[in-house]
Amino acid sequence: MHTRLSTWLVAASLLLPATGSLAVENITLNGFLTVGATKSNSTTASGNGNITDDVGFDEDSRVGIQISADINDRMSVTAQLLGRADRNQNFDAGFDWGFVSYALSEDLTVRGGKLKFPTFLVSEYIEVGYAYPWIRPPAEVYASNPITAITGLDLLLRTRLGPLDLLVQPYAGTSSGDEALVPQEVLPMLGLAPGTVKYAGFDAENMLGINLALTGDWLTLRGGWLRTGVSAPSLGVTSKDDVRFASIGASIDWHDAIVYTEAFRRDIDGQANAFFPNQKGWYATAGYRIARFLPHLTWAQLRDDNDSGDPGTGLEQDSLTLGLRVELGSGAALKLEAQRVEPQNGSRGLFMAAEDDINVFSLAVDVIF
Amino acid sequence: MNLIKKTSLSCLALLAALLGGLAQADVVLVADASLALDALTPEQARRLYLARPGRFPGGLRLVPFDQPASSPARRVFVREVLKMSERELAQYWSRRTFAGKGRPPRVLADDAAVVDRVKHTPGGVGYIDADSLDDDIKVLLRIPAP
């Protein structure tokens with residue numbers, strides 16, 4: 001007993017000065033903020049109710065703080081606090097994700113906790129507007145996966161392939177507590193009036209996936225695939241319906257020219273298909289940097305991929321976006337965008353109701369600190 | 001007329017380069033004299049400061065230290081070794097950091113802080129103006145003043 005106590009005391013006395021200095025030295029805070037305004041020319045609001053013909057700030061405005069702490073030279077903890085307009089247009093803040101990371105070797109790291117989901121090129125930092133050219137990434141692609149974080153594990157394996165780096169990131173876990181926008185078409189089934197913005201919680205279990213990225217000085221190629229079982233008890237979907245999701249993409253930043261392009265395909269079986277129909281979509285962005293200015297143009301398409309007999313209603317739209325990013329020194333950017341959205345084949349696209357076309361104007365300031 | 005103009009412009013450019021050379025000494029990447037490594041290539045240094053694979057030569061765990069954006073040594077290092085602009089570097093780290101996939105090297109106040117820190121950090125590496133060298137540290141890579 002006494003030996004144990006003294007062992008502890010010695011250990012504690014050895015550890016105390018070290019942890020004391022670590023606590024101050026090795027905690028890093030980083031932040032990001034976007035203030036954005038939107039206005040459209042249509043009385044038909046966007047599907048989430050945020051973009052209307054009144055000037056609104058709910059779609060793009062948010063603030064985040066990231067906290068990282070080194071526990072030792074192999075282990076660290078990282079978490080991100082995010083505040084934004086909630087589903088009811090009130091401001092709400094909470095932990096978006098947080099994980100423990102352990103470096104098994106120089107090139108192999110295991111992470112566990114709540115991990116930001118690596119669906120697309122910018123998904124893991126989608127709230128950090130400063131890190132990409134648009135005010136928001138093209139909705140035709142980025143709105144297709146309502147899972148934003150998973151609770152589970154992933155591996156980050158990095159290897160050098162000549163001048164390129166390969167990242168292999170397998171992951172496994174579950175997602176519960178994420179909410180998806182309920183399609184307008186199924187609102188009557190829930191006894192709700194058309195035009196209601198309704199989010200429903202869903203669970204994704206037995207999720208297995210992989211994210212691959214090949215990165216060079218001016219090129220990134222990525223591909224991802226995942227499989228999960230989805231249920232949404234509040235919508236009567238109890239069967240853990242099979243979901244498969246695949247995506248590929250590339251980004252180029254060569255001298256002053258930039259290109260982003262991505263495509264996805266989502267297949268959902270069973271009852272869940274009524275709420276998340278099969279879809280495919282793609283976009284391409286090209287821009288050219290002239291000193292502080294980056295004008296860019298984006299073409300995006302969302303298409304129905306259901307078979308006849310699938311219960312879901314296809315949502316289709318095309319959009320053309322002209323944007324300008326202006327650097328305001330290092331760590332800040334001003335962005336302007338004009339977007340023409342054309343819902344296709346009689347569907348409502350990503351808006352509340354079918355229209356011929358809707359113009360959306362957006363302005364945002366992105367800051368990192 | 002045009003030729004004279006061109007010649008005088010080149011003379012001015014040469015003079016400016018010479019004066020610039022006098023003002024800015026070489027930048028050196030240094031480590032404690034006891035480090036079990038004597039040299040880094042520019043590519044190894046670049047991988048180390050960008051936290052890319054292949055950053056630990058021979059498996060030796062290195063800890064890079066940075067300087068503030070206002071530091072003349074940093075301006076040379078970022079341009080000549082990282083081959084990036086400050087804007088590109090800020091975007092690179094914003095993507096890595098906010099994705100939770102890496103963090104930039106710690107920024108220390110000045111050359112003196114870097115020298116002090118590399119002496120007391122196992123595997124510590126930092127860049128300084130060559131004028132700030134002392135006997136207890138060794139040069140892993142010399143970046144000639146442009």
Side-chain angles (χ1 to χ4, degrees), chain A residues 25-26 28 30-32 64 66 68 70 73-74 76 78-80 97-99 101 103 105-109 111 113 115-116 118 121-132 156-161 163-167 169 213 215 217 220 253 289 292 327 329-333 366 368, chain B residues 41-44 46-66 68-71 74-75 78-79 81-109 113 116-117 120-124:
Chain A
E25 250 303 82
N26 292 330
T28 320
N30 296 94
F32 55 89
Q66 183 164 314
S68 305
D70 288 338
D73 61 356
R74 287 181 179 272
S76 67
T78 306
Q80 207 177 85
W97 51 259
F99 60 79
S101 161
S105 74
E106 178 196 350
D107 297 325
L108 183 61
T109 299
R111 304 189 300 173
L115 303 160
K116 192 75 173 168
L121 277 168
V122 311
S123 296
E124 287 167 296
Y125 47 86
I126 192 165
E127 281 86 17
V128 189
Y130 177 78
Y132 48 76
L156 300 174
L157 173 63
R158 295 174 196 276
T159 336
R160 187 176 169 182
L161 294 176
L164 301 175
D165 298 343
L166 175 68
L167 169 72
Q169 181 184 6
T215 309
D217 287 333
T220 297
D253 191 337
R289 202 174 282 118
R292 293 163 52 212
E327 303 299 327
S330 183
D366 298 306
I368 54 168
Chain B
T41 66
E43 178 60 17
Q44 285 170 327
R46 188 160 170 271
R47 287 183 169 269
L48 175 65
Y49 272 81
L50 297 177
R52 291 177 56 179
R55 67 189 183 279
F56 297 155
L60 185 66
R61 204 175 176 83
L62 299 177
V63 182
F65 292 106
D66 233 326
S70 57
S71 136
R74 170 165 168 142
R75 279 201 285 275
V78 169
R79 192 176 57 229
V81 178
L82 303 189
K83 303 200 182 298
M84 283 177 157
S85 66
E86 281 291 340
R87 182 194 57 74
E88 288 169 322
L89 192 59
Q91 278 227 336
Y92 176 84
W93 280 116
S94 72
R95 289 171 184 155
R96 289 281 302 258
T97 304
F98 291 116
K101 285 180 167 171
R103 272 185 281 159
R106 183 171 301 279
V107 174
L108 302 177
D116 181 63
R117 190 62 74 93
H120 297 104
T121 308

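Keep in mind that this is a model prediction, so the values were computed, not measured. Throughout, a chain's letter reflects where its sequence line sits, starting with A, and its residues are numbered from 1.
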_Less than 4.5 Å to any heavy atom of chain B: does that hold for the side chain of A/Leu167, its backbone, both, or neither?_
side chain

*Where does B/Arg61 contact chain A at under 4.5 Å (heavy atoms): side chain, backbone, both or neither?*
side chain

_Pairs of heavy atoms under 4.5 Å with chain B: top-ranked of A/Ser330, A/Gly331, A/Ser68_ = A/Ser68

*Name the option with the most non-hydrogen atom pairs under 4.5 Å to chain B; the candidates are A/Tyr125, A/Tyr130, A/Trp97.*
A/Tyr125

*Side chain, backbone, both or neither: which part of A/Asp107 has a non-hydrogen atom closer than 4.5 Å to chain B?*
side chain

*asked:* Within the 4.5 Å heavy-atom criterion, are A/Asp217 and B/Arg46 side-chain neighbours or not?
replied: yes

*Among B/Gln91, B/Glu43, B/Lys83, which has the most heavy-atom pairs under 4.5 Å with chain A?*
B/Gln91

*Tell me, please, which residues at least two apart from B/Phe98 pass ring pair (Phe, Tyr, Trp, His ring centres under 6.0 Å).*
A/Phe32

*Donor-acceptor pair, A/Arg111 side chain versus B/Gly100 backbone, under 3.5 Å?*
yes

*Return yes if some donor-acceptor pair links the side-chain N/O of A/Glu327 with the main-chain N/O of B/Arg87 below 3.5 Å, else return no.*
no

_For a side-chain contact (heavy atoms from CB on, under 4.5 Å) check, start with the C-alpha distance between B/Arg55 and A/Arg158, then their side-chain angles and the critical distance, and finish with the verdict._
CA-CA 11 Å; B/Arg55 67 189 183 279; A/Arg158 295 174 196 276; 5.6 Å; no

*asked:* If we ignore hydrogens and angles and just use 3.5 Å, is the side chain of B/Arg95 paired with the main-chain N or O of A/Ala131 as donor and acceptor?
replied: yes

*For the candidates A/Gly329, A/Gly31, A/Gly64, which exhibits the highest count of non-hydrogen atom pairs separated by less than 4.5 Å from chain B?*
A/Gly31

*At a heavy-atom separation under 4.5 Å, does A/Thr159 approach chain B through its side chain, its backbone, both, or neither?*
backbone

*Go through the atoms of A/Glu106 and report whether side chain, backbone, both or neither lie under 4.5 Å from a heavy atom of chain B.*
both

*Are any of the side-chain nitrogens in B/Arg106 or A/Asp70 under 4.0 Å away from the carboxylate oxygens of its partner?*
no

*Rounded to the nearest 0.5 Å, what separation is found between the NZ atom of B/Lys101 and the CD atom of A/Glu124?*
3.5 Å

_I'd like to check the salt bridge (Lys or Arg N to Asp or Glu O under 4.0 Å) partners of A/Asp165; sequence neighbours left out, ordered by chain and number._
B/Arg47, B/Arg52

_Given heavy-atom pairs under 4.5 angstrom as the criterion, report whether the side chain, backbone, both or neither of A/Arg292 touches chain B._
neither

*State, to 0.1 Å, how close A/Ile368 and B/Ala90 come at their nearest heavy-atom pair, and which atoms those are.*
CD1-O, 4.4 Å

*asked:* Rounded at 0.5 Å granularity, tell me how far OG1 in A/Thr215 sits from OH in B/Tyr92.
replied: 8.5 Å

_At a heavy-atom distance under 4.5 Å, which candidate from A/Val128, A/Leu115, A/Thr78, A/Thr109 has the highest pair count against chain B?_
A/Val128

_Proximity breakdown for A/Asp73 and chain B, heavy-atom pairs closer than 4.5 Å_ = both

_Proximal component of A/Ser105, with respect to chain B [non-hydrogen, under 4.5 Å]_ = neither

